There are 2 protein chains.
Amino acid sequence: MPPTSTSVARYAGVSRATVSYVLNGLAAGRVSPATQEKVREAAEELGYVPHAAARSLRSGSSGLVLIAVPADVVPAFGPLFTGFIAAFQAELQAYGHTGVLHGASAGDTPQAAVRAWAELRPAAVIAMIGAPLDEASVEILKRSGTFAVVSYGPPPAPGAHGIAMDQEEVGAVAAAHLLAGGRRDIGVVVPVEHGLGLFSQPRLKGVRAVAATCPGARVVPVELAYTEESAAELADRWRDLGLDAVFAYNDEYAMLLMRALQDAGVDVPGDVAVVGADDLLLGRLLRPTLTSVRIELPPPAEVAALVDRLIREPETPPAVHRRSTAHIEVRESSRRPAG
Amino acid sequence: MPPTSTSVARYAGVSRATVSYVLNGLAAGRVSPATQEKVREAAEELGYVPHAAARSLRSGSSGLVLIAVPADVVPAFGPLFTGFIAAFQAELQAYGHTGVLHGASAGDTPQAAVRAWAELRPAAVIAMIGAPLDEASVEILKRSGTFAVVSYGPPPAPGAHGIAMDQEEVGAVAAAHLLAGGRRDIGVVVPVEHGLGLFSQPRLKGVRAVAATCPGARVVPVELAYTEESAAELADRWRDLGLDAVFAYNDEYAMLLMRALQDAGVDVPGDVAVVGADDLLLGRLLRPTLTSVRIELPPPAEVAALVDRLIREPETPPAVHRRSTAHIEVRESSRRPAG
DNA sequence: TTGAAAGCGATACCAC
DNA sequence: GTGGTATCGCTTTCAA
């Protein structure tokens, strides 16, 4: 029922081959301008849209770049990350690729998820953050014709390229700042929300690593849900914990906890220094203003350029291509107490 | 190079037909258990992954459900919306469809964007919020074999189904609350950020509609960028505007503006009532706590069920299927002044 | 119980 | 300049 290149050929009174040449811009010197015009008009008239499946069948690869995201992490993506994805898709389009976001449902095994991607014969797969990707998965993709497999976030599995995002550094930067300010008993918020373990565990590890270099320093993980009740409950038993600093996972948890602490009569930064992460604008609206670790993601344009290059030169040996960096933005919530 | 069903057949010593039956679960009573086992082993051994393009070519439709989002709006999506999309994708998978997010870059004409979607021969297209979709576009999709075209947000173009999200109601609810509180001069924040006009204009219209029913009420649109500088600048000239209330587009803009007003010595809610939207947790952490319009999106499960039904029964006449609703959560920032 | 073969739509080589 | 045609991988009917 939908018009095919055959319909167009019939309508224009030419062969399918001619239609193909004209509509793909390979007609120069092959097809007369008059015929070209006829073909184009016919296509327009019939509302012809080429069939991507037929083309990929022929060419061996859909032009798709699959951006794989684990479904359970998506809601936790802040503006930082959704912004990156949007810009990345736009950049890909400029290179002539079609970026498409494909969820990996939490229940599936890595293998199952990867098979679903491989069925689409994508030109490249970029697995974001918590998307499952082990050596076997990379192998499946490669064997099914995927030119480039890139892991964005965690260290890449063997055979895959990587864009490293060092979550440990985030924790390390926060810890270094707190220790330099004379704090010694550092709480580290570990969100109980699903899917965040991939961020929070390395951040905790980063804090621990730095604290280990500082005699007398102590690190205490504290669980927190993103609700007022959970924060109030934690604030209530705060004094028992004996902590003089807290790295609160990110700015949102930090703001939540800071408010609860204040409501419970704990002084920030007097009794306890609070550090968030992501450097959200909102953190500057609270009083005290919120100290935050600013994370710089690799620019989407660079990542798109990399993916394009890897598609064009599939033989490029796997490597880790760029690291995100983390900087501390010091504000009031972690200032050294006057005393 | 990648293994095909032919490779599997050869490896297992059977015909391609047999392979197809076994791997698609249609082997009951057709193929002996022993042969089935052989086939499955061969597929496993070779790392066989079926070619989605070949299958859709044969069957006439890819199982894809295209979730179309305008690239320039994505960064503005709050957790409300990204959460919806993630859950929606998961629900679709349960129905056996493959939900895929496809960006529509801002520069493209509706026609160009729609052609890109139509090439994939999706079973259904759901155009979120600002995704371009006019009558001609719907026609192109339908003619290329798309069973269902659903517009999520704006009123659907002729021929498309709709899930209505009434942005005017958001403004109306906010305005009604402010007027009931005795406010008469209502500022309405219009973000200057790209891609937000689709939300802000209807919200402004909703405020205007309600204000028109109230003698003496005045509505003043005020532009604001999501930066501290812009907010400070607006706060500086606030008194000249002579407003005693403001509907600040959403909670984030509201928090930004409220802080700037307070810093400029304007009392909230004494001098001016502030109302946001989205009912973010963070709005409850500020002092005064933020009054907000809570928007209830249609549940993802329901939307997925609808899409599945429309795919199965493509003849269903286009209709608007469900409306989001808006409620006001009254908090301190809009309390009636004591006097 | 299994296999042969037609055909989905587009491409590109080769002949005219 | 233009047209025939083999081919990509898979499904499914029909015959054996």
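Each chain gets a letter, A, B and so on, in the order the sequences are listed, and its residues count up from 1. Bear in mind the structure is a predicted one, so any value in this text is a computation, not a measurement.
Using a 4.0 Å heavy-atom distance criterion, Val19(B) is classed as making no nucleic acid contact. The residue Ser59(B) sits apart from the nucleic acid: no heavy atom pair falls under 4.0 Å.
Note: CZ (Arg143(A)) to P (dG9(D)) measures 14 Å, nearest angstrom. A straight line from CZ of Arg10(B) to P of dA4(C) spans 13 Å, rounded to a whole angstrom.
The shortest distance between side-chain heavy atoms of Arg55(A) and Asn24(A) falls below 4.5 Å.
For the residue pair Pro314(B) and Phe147(B), the shortest heavy atom distance occurs at CG-CD2, 3.9 Å.
Taking only side-chain nitrogens and oxygens, Ser32(B) comes nearer than 4.0 Å to OP1 or OP2 of dT2(C).
Note that the CD1 atom of Ile311(A) and the CG atom of Leu306(A) stand 9.5 Å from one another [nearest 0.5 Å]. From Ile140(B), atom CD1 reaches atom CH2 of Trp117(B) across 10.5 Å, with rounding to the nearest 0.5 Å.
In this structure a side-chain-to-backbone donor-acceptor pair under 3.5 Å is missing from His97(A) to Gly99(A).
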- Per-nucleotide protein contact string for nucleotides 9-16 of chain C (B base, S sugar-phosphate only, - none; heavy atom under 4.0 Å): BBBBB---
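Inspection of the Gln36(B) and Arg40(B) side chains reveals an N or O donor paired with an N or O acceptor under 3.5 Å.
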